[in-house]
Each structure stands twice: as structure tokens, then as C-alpha cells.
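Okay, structure first, notes after.
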Amino acid sequence: MKLNYLKFGTTGLCWLFGTTLLLAQQLTDQSEIKLNDLTAFNAAGKSWTIAEKVISDPRNENELKATKGSGILVNITSNKMKGSDLLTNAVHGNIILELDYLMAKNSNSGIYLQGNYEVQLKDSWGVLQPMSSDNGGIYERWDDARPEGSKGFEGYAPRQNASKAPGLWQHLKIAFQAPKFDATGKKTANARVLAVELNGVLVQDNVELFGPTGGAADKEKPLGPLRLQGDHGSVAFRNIKISKLPEEQINVNNRGGGDADPIYIDAPSNTMIRSFVNYAPKFLAVHAISVGSPLKTHYSYDLDNGLLLQGWHGEFIDATPMWDGRGNGTSRARGAVTSFVKKATPALAQLATVQTTWPADSTGSGFKTKGYIIDNEDRPQFKYNIYGAEFTDLITVSNDGKGLNRSINIDKTVPNLYVLLANASSIEELAKGYYLVDGQSYYLELDKGAPKPIIRDANGGKELIILLDKQLNYSISF
């Protein structure tokens, strides 16, 4: 069933909880939490600061590096600095909360709605079978009086793992319906997490909360503060947006709709599907292939340009647009997508100088696609001719499922032949041969011995190009 209720609105119903509660400042009276300072929060501990930029190297445990400024809320913990939770001064009932967050390696945090119901934030990168304690899960309730092994109960695992790598910005959107109480203070309806979207993927759907989750701050009530967990590791937040829950979303039990049941393709083994692919806003690759892996990391490839279009973690393909009814030939990724291109251009080009503009198409290059061959693990090796040479492109999922490895080979040397590694809004070298790309969207790492690439300005952004002799190996993590 199509879950079209996730098109959250911004108009909603103000709930009145009595004269006393109306006097409390409510989060939904503002559109965002401004992060110029910490005045929106109650008694912020020393681990919390405001910054302009935050970097975290995913190779280093619990590491965040912050640059002074404003716009980002940062919690940095260490053996010497134990973190603490952070609560807003304002309180909330029904709410839609939307924000970006960034985890350090192996860090753990959470968002406690009304201070009591935790949506888990965690470095769950590469986890194949996520639990309620993983990123996007709703944490367990807890009762020490229960027998060992069952003290935690009623947790909700995310429907799939849509997590990105530590040090990359992730996006979270929550629709929450607060518990209801009568005039005597008796609870008449449980709280509900109506939806959680993690990196654009629905991971929780209309979950009833029968009581506070583990680590709750207080007993249940109509209004409570937003609480950000800070005592389990380093984490950063930005773009904290708030709106009222639309009236039409409240107390609705049947949230389905749409004309067609979904047609899903899984990848229990290495799996391929040919289709059109929308790889960026308003751009469509019509000669594309998507390749799925049982490690739940997948990618799409443009056969017309030799381009790695996108990668994603989670489930494989939604073929509904392609196969329902007459269809339109398009398939969709079911997981959290990271785009690697802004617009289709040739992956390789012969440049007169390192400042020569990258060509918009393959005119004059002698480009001719040769399709692909399948190796003994059912993985495609893409082939095409260009500049009189034969090109082979092998893309594989890393052994840990966290990213992609790419090997580009050409059968003879072509003078001044370059590979376009990245075309992005920003490209920053974190260490030798190791780059952070497109506003902290993904990492690119060259194998040792690769030539020094060139970062250059292009169309208001950046390009990363590298000279190709006969072979180039690199990896992408996202």
C-alpha cells in the first residue's frame, strides 16, 4: 500500500490542555530552534557548544572536531568530558520534528519526545539486521522487576537500516501524537509515533507507545520538553525545524492509500535490473542498470556515460512505477540514496590542460558502449570503447557492506586521459588521498600509489579529476 500520509503538512490543530498548560511556552509556537547560542535549552552542560562546522573522521572513535561559529549544536564527549542530556526550555505535545544530525564513530544518542519516548540515534552503519537499539529504532521500555532477559520490552526496530556513515549528515523526520489525559489527569490514549523517516526512508509506521521508553525523564504528561541524549557519545544537530501535527493525521488508524500494491525486488544474492533511473532532480538515465547485493548496499550505473550514478543502503528496488499497469519504465531505490552525480557527463575525457572544461557529452571521443559481462559472482563488469581503447569498469560492494570499491581499467595508455571522480558542491581533503564530498554526503578514498588528483572550480562547485594511465582503484563510503 502506498504510504502517502508521509506528505507532512505545516498547518495543524492547536490542542488545548487546560489553563495551566496553556501558559507553558510550546515548541510548536516557533518554526525552528535557533542555534546562535544555547538559550533555547535548560542548563546546558559543558559538553554542549554551538559551532559553524563539524568534521568527524569515520576511522577515529567518537571524534568530532568543531569550528567556532553558529548554526550547529554540538555535543563532544571524551574520557575527560562526560556528556549530559540537553532539554529545551519550551515543551510540546503533538508535533512534527525535522532535523539533521551527525554521529561520531560508534557513538550513541537519541531524541526523547516529551523527554520520555526515545527515537534512537546511533552509528549503525553496515548493520544488516537492525534492532530497536539501532539508528531509527524506538528504544525498549524497561522494568527491573521483570526476569533477566526480558527487562527490556516493547522496542521497535527500524523497518530497514537506512543509516549513513559516521561523519556524514543524516536527516530525520518524526510525526508524534502525544498521550491524552482527562480532567482528572488519567491517561485516556497512549502516545504514538505516527511516522519516522530516516534519510528519506520510512522506518517507523504508526507505532503505539504504551509507556515511557528506557531512560525516560518523567512520568507521562500532555506536554514535555524535547530532550537530546548527550551522555553516550559525540553527536551534532542542525536545521531543527518544528511544526504542528496536521489535524487530519490525528487519531487516524487506516493510513494507507494509493491505487497499487507495491512491486518490490529484493537482492538475496547479487541481482541486476535494467530500467530508467531518476538519479537527480529533473534528470533521467534511460540506459541504466541497478545492481543489488545481499549486504544491502546497492548502486545504479549509466551505461551511456560509464557513470556511477548513485548508491544506497537498505532494501533494493521498488519496481512499481515500471511494472504497474502500463508503467513508465522507471524503478526506485527503496533505501537511503546518496547521489554521486549532478548531471550526466562522460566519466572519462581527454583534456588539453588540467583547466580544460569537462565535456558535456562524448562527441569526438569515439565512445561506444559494449554492455557488460558477468563474473563468477554474478557481478557485472561494464565495458566500452573510448579514444580507440577498451575500457573496463568493475564496481563491487565492500566486504563489510559499508561502501563500494571501483576498479577502472583501460587496455592501452591514452595521452591526457582523465577520470571525473566527483562533481559536487564541495570537496575537502581530510588526509592524503581521502576526501569528504558534497557537503559531507560521502567519502572517496584512493588506493595507495594513485596519482595526485586535482580539485578545481567548475560551474559554481568543485570537480575532482585524476589522470588515468591503465588502472585506477578507489572506494566510496556513504
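Worth knowing before you read on, the calculation uses all heavy atoms, side chains too, and leaves out hydrogens, waters and symmetry mates.
Ionic pairing of Arg334 and Asp318 is not present here: no N-O contact between side-chain nitrogen and carboxylate oxygen is shorter than 4.0 angstrom.
For Trp125 (side chain) and Asn106 (main-chain N/O), no donor-acceptor pair under 3.5 Å exists by modelled atom type. Distance alone, capped at 3.5 Å, is enough to place a donor-acceptor pair between the Trp358 side chain and the Pro346 backbone. A distance-only check finds a donor-acceptor pair linking the side chain of Ser426 to the backbone of Gly439 [under 3.5 Å]. Judged purely by atom type and a 3.5 angstrom limit, Gln120 uses its side chain to pair as donor or acceptor with the backbone of Ser133. A donor-acceptor pair under 3.5 Å is absent between the side-chain atoms of Arg332 and the main chain of Asn278, judged by distance alone. Listed for the Lys296 side chain is no donor-acceptor partner under 3.5 Å among the backbone atoms of Gly335. Judged by distance alone, the side chain of Ser56 and the main-chain N or O of Glu63 form a donor-acceptor pair under 3.5 Å. Not one N or O on the side chain of Arg379 forms a donor-acceptor pair closer than 3.5 Å with the backbone of Asn270. Panel note: side chain Asp324, backbone Ile263; no donor-acceptor pair is recorded below 3.5 Å. Looking only at distances, no side-chain donor or acceptor of Asn423 sits under 3.5 Å from a matching main-chain atom of Glu463.
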The test is side-chain contact (heavy atoms from CB on, under 4.5 Å); show your working for Thr356 and Asn416 and say whether it passes. CA-CA 11 Å; Thr356 299; Asn416 302 318; over 6 Å; no
Just do the side-chain contact (heavy atoms from CB on, under 4.5 Å) check on Phe391 and Ile408 with the steps written out, would you? CA-CA 7 Å; Phe391 171 93; Ile408 297 174; 3.0 Å; yes
Apply the test side-chain contact (heavy atoms from CB on, under 4.5 Å) to residues Gln170 and Asn135: give CA-CA distance (whole Å), side-chain angles for both, the deciding distance (0.1 Å), then the verdict. CA-CA 11 Å; Gln170 307 195 56; Asn135 203 29; 3.4 Å; yes
Would Ser84 and Trp48 satisfy side-chain contact (heavy atoms from CB on, under 4.5 Å), going step by step from the backbone distance to the final call? CA-CA 8 Å; Ser84 60; Trp48 292 94; 4.1 Å; yes
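Considering only heavy atoms from C-beta on, Ile455 comes within 4.5 Å of Tyr435 through its side chain. Between Val437 and Ile476 there is no side-chain heavy-atom pair separated by less than 4.5 Å. With a 4.5 Å cut-off on side-chain heavy atoms, His287 and Thr369 count as touching. Side-chain contact check for Leu228 versus Leu73: some heavy-atom pair is nearer than 4.5 Å. Taking the side chain as every heavy atom from C-beta outward, Asn399 and Leu295 never approach each other to under 4.5 Å. Within the 4.5 Å cutoff, the side chain of Asn305 has no heavy atoms near those of the Val341 side chain. At a threshold of 4.5 Å between non-hydrogen side-chain atoms, the residues Asp134 and Asn161 do not count as touching. Put simply, the side chain of Asn199 does not reach to within 4.5 Å of the side chain of Thr338, judged on heavy atoms.
The local environment of NZ in Lys65 is sparse, with at most 12 non-hydrogen atoms from other residues, nucleotides or ligands closer than 6.0 Å. No more than 12 heavy atoms of other residues, nucleotides or ligands lie within 6.0 Å of CG in Asn459, so this atom counts as exposed by the packing criterion. Counting heavy-atom neighbours within 6.0 Å of Tyr156 OH, excluding the residue itself, gives a total above 12. The environment of CE in Met131 is sparse: at most 12 heavy-atom neighbours from other residues, nucleotides or ligands sit within 6.0 Å.
No side-chain donor-acceptor contact under 3.5 Å links Ser107 and Asp123. For the residue pair Ser407 and Asn405, no side-chain donor N or O sits within less than 3.5 Å of a side-chain acceptor on the partner. No donor-acceptor contact under 3.5 angstrom links the side chains of Ser163 and Ser124, judged on distance only. Side chain to side chain, His171 and Glu98 meet the donor-acceptor criterion of an N or O pair below 3.5 Å. Using a 3.5 Å distance cut-off with no hydrogens or angles, the side chains of Thr67 and Glu52 do not pair a donor with an acceptor. If you check the side chains of Tyr112 and Glu118, you find a donor sitting under 3.5 Å from an acceptor. Looking only at atom types and distance, the side chain of Asn409 has a donor-acceptor partner in the side chain of Gln471 under 3.5 Å away. In summary, the side chains of Asn75 and Ser47 do present a donor paired with an acceptor at a separation below 3.5 Å, with no hydrogens or angles considered.
For the atom pair NE2 of His298 and NE2 of His313, the computed distance is 9.5 Å after rounding to the nearest 0.5 Å. Atoms CE and CG, on Met103 and Leu168 in that order, are 12.5 Å from each other to the nearest 0.5 Å. Atom CZ of Arg238 sits about 10.5 Å away from atom CG of Leu99, to the nearest 0.5 Å. Here the OH-NZ distance, from Tyr101 to Lys164, works out to 10.0 Å after rounding to the nearest 0.5 Å. Taking CD1 of Ile76 as the start and OG1 of Thr49 as the end, the distance is 5.5 Å to the nearest 0.5 Å. Once rounded to the nearest 0.5 Å, the distance linking CZ of Arg274 with CD1 of Ile289 reads 6.0 Å.
The shortest non-hydrogen separation linking Leu446 to Pro451 is CD1-O, 4.2 Å. In plain terms, the two heavy atoms of Asp231 and Gln229 that are nearest each other are OD1-CG, 3.4 Å. Taking all atoms of both residues into account, the shortest heavy-atom contact from Leu351 to Pro359 is CD2-CD, 4.3 Å. The shortest non-hydrogen separation linking Leu309 to Ala288 is CD1-CB, 4.5 Å. Counting all heavy atoms, side chain and backbone alike, Leu121 lies closest to Phe237 at CD1-CE2, 3.7 Å. Across Phe276 and Asn328, no two heavy atoms sit closer than the pair CD1-O, 3.5 Å.
Ring planes of Phe382 and Tyr372: perpendicular class, angle over 60° (limits at 30 and 60°).
With a 6.0 Å cutoff to the six-membered ring centre and a 45° limit on the axis angle, Arg406 does not count as a cation-pi contact of Tyr299.
Applying ring pair (Phe, Tyr, Trp, His ring centres under 6.0 Å) to Phe340 and the options Tyr442, Tyr279, Tyr301, Tyr443 leaves one that passes, Tyr442.
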